[in-house]
Amino acid sequence: MHEPAIARLRAQDPDIAGLVEAEARRQFEKLRLIASENYVSPAVLEATGSVLTNKYSEGYAGRRYYEGQQNIDPIELLAVDRAKQVFGVEHANVQSYSGSPANLAVYLAFLEPGDTVMGMSLPMGGHLTHGWSVSATGRWFRPVRYGVREDTGRIDMDQVRDLARAERPKLIWCGGTAVPRTIDFPAFAEIAREVGAVLAADIAHIAGLIAGGAHPSPVGCADVITTTTHKTLRGPRGAMIMSTAEHAKAVDKAVFPGLQGGPHNHTTAAIAVALGEAARPEFAEYARRVVANAKALAAALAERGFDLVSGGTDNHLILIDLTGKGVPGKPAAQALDRAGIELNYNTVPFDPRTPFDPSGLRLGTAAITTRGLTEEAMPQIAAWIDEVVQATAKEDEAVLARVAGEVRELMAGYPMPGWAPAP
Ligand SMILES: Cc1ncc(COP(=O)(O)O)c(C=O)c1O
């Protein structure tokens with residue numbers, strides 16, 4: 001039973017409705033440990049599925065290129081105000097279609113083609129859009145890349161400083177896609193100021209933790225902050241760019257008309273709803289529990305001999321180096337999926353294997369915490385992961401089928417926002 005209901009979809013297009021229901025059941029039955037995913041509330045789903053999708057609104061509130069914005073302007077202003085309030089920023093743009101276009105807008109706002117950008121290398125935990133070679137950001141700009149220390153698995157701030165001094169980047173990115181430790185925003189700010197670079201903090205993964213007070217905020221350190229809205233922040237697929245008042249005009253101009261046409265108003269409304277939820281005290285409790293679950297899961301995995309990059313986690317994310325287990329990341333992730341445990345294979349720092357067949361696994365606790373799982377469940381999850389990784393090495397499919405059944409049984413006890421099995 002989908003909530004909001006999809007009865008008309010079922011009547012008109014059973015093919016699509018059937019697949020939506022099947023996906024909902026899959027999300028209900030599985031242990032979803034993909035670090036970038038979550039479950040949004042039915043209110044966010046309703047806003048996303050609303051008639052706001054019918055409306056074109058190029059421009060910004062009070063300065064649109066189409067008529068009929070009587071309701072869209074207040075919706076966008078509410079989203080902007082809530083973003084400013086939740087994150088304590090001077091300016092917020094809520095129109096970027098997703099995280100990658102938001103990051104591209106930062107380049108357009110501050111750089112010219114060929115300028116130097118410094119970001120964390122992709123295999124070290126950075127994102128494609130921080131100047132990786134296959135991304136437009138690595139092709140149209142001159143990327144220089146920092147990484148983590150081999151002995152600690154933590155960002156090498158000495159390397160960041162030395163590289164910044166030598167290469168004089170115009171833009172420095174901090175934040176990433178596989179970074180299990182707290183980002184030292186003040187240290188990045190000091191380096192950026194020394195070399196005269198714009199500091200951009202990409203908080204896509206940790207935005208919900210920052211909103212809930214479970215991770216330090218980059219506000220006051222970074223000139224510009226980008227985030228997706230759909231990971232720990234628990235909103236719809238979308239993004240925001242936040243900045244000091246000084247950069248407001250450059251950011252807005254880069255998003256529209258620099259990169260985009262009409263904003264997705266249904267998404268803007270859903271972002272506003274999610275930000276309303278993030279402003280509540282329960283969300284701070286949620287953020288605290290996400291981190292507590294990740295720490296408990298990391299400890300249980302370490303106890304079972306898993307090699308964790310940096311030795312553990314400060315946030316929602318855990319990166320496992322499977323080298324010592326004798327199984328590469330990809331077959332392990334595929335076997336875990338068959339066993340009802342969904343995560344992704346990932347490179348680990350200094351990975352000798354390729355990104356398409358790497359040594360690691362990445363997992364996170366944002367989604368399972370939304371389902372209501374607590375620290376007590378984490379040793380069992382670590383035990384299942386251990387069993388399945390061992391079974392992968394032995395190609396023992398029976399173990400995977402048994403674990404899938406046990407996972408299904410566990411998850412049946414935790415309600416899922418947006419869907420419930422028929423009574
Ligand atoms: C740190 C970071 N930045 C940007 C993005 C890009 O977001 P999107 O997939 O919405 O383009 C991601 C996505 O995973 C991310 O992890």
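All ligand and atom numbering here is 1-based and tracks the order in the structure. Values in this document were obtained by computation on a predicted structure and should not be read as measured data. The residues of the chain are indexed from 1 along the displayed sequence.
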Enquirer: Between Arg26 and Glu23, is there a salt bridge with N-O shorter than 4.0 Å?
Expert: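 Counted as a salt bridge, because a side-chain N and a carboxylate O are separated by less than 4.0 Å.
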Enquirer: Quick one: are the ring centres of Tyr65 and Phe256 less than 6.0 Å apart?
Expert: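 Centroid separation for Tyr65 and Phe256: below 6.0 Å.
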Enquirer: Can the ring centroids of Phe188 and Tyr146 be said to lie less than 6.0 angstrom from one another?
Expert: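 Centroid separation for Phe188 and Tyr146: below 6.0 Å.
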Enquirer: Check each protein residue for a heavy atom under 4.0 Å from ligand 1 and list those that pass, ordered by chain and number.
Expert: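 Residue list for ligand 1: Ser98, Gly99, Ser100, Asn103, His127, Gly176, Thr177, Asp202, Ala204, His205, Thr228, His230, Lys231.
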Enquirer: Quick one about Arg142 and Thr116 (side-chain donor to acceptor, distance below 3.5 Å, no hydrogens or angles considered), yes or no?
Expert: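 The answer is yes; a qualifying pair exists.
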Enquirer: Among all residues two or more places apart in sequence or in another chain, which pass the side chain to side chain donor-acceptor pair (under 3.5 Å) test with Glu58?
Expert: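 Once residues adjacent in sequence are excluded, Glu58 has no partner under the side chain to side chain donor-acceptor pair (under 3.5 Å) criterion.
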Enquirer: Assess Arg32 against Tyr39: is NZ or CZ under 6.0 Å from the centre of the six-membered ring, and within 45 degrees of the ring's axis?
Expert: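 Here Arg32 passes the 6.0 Å and 45° test against Tyr39.
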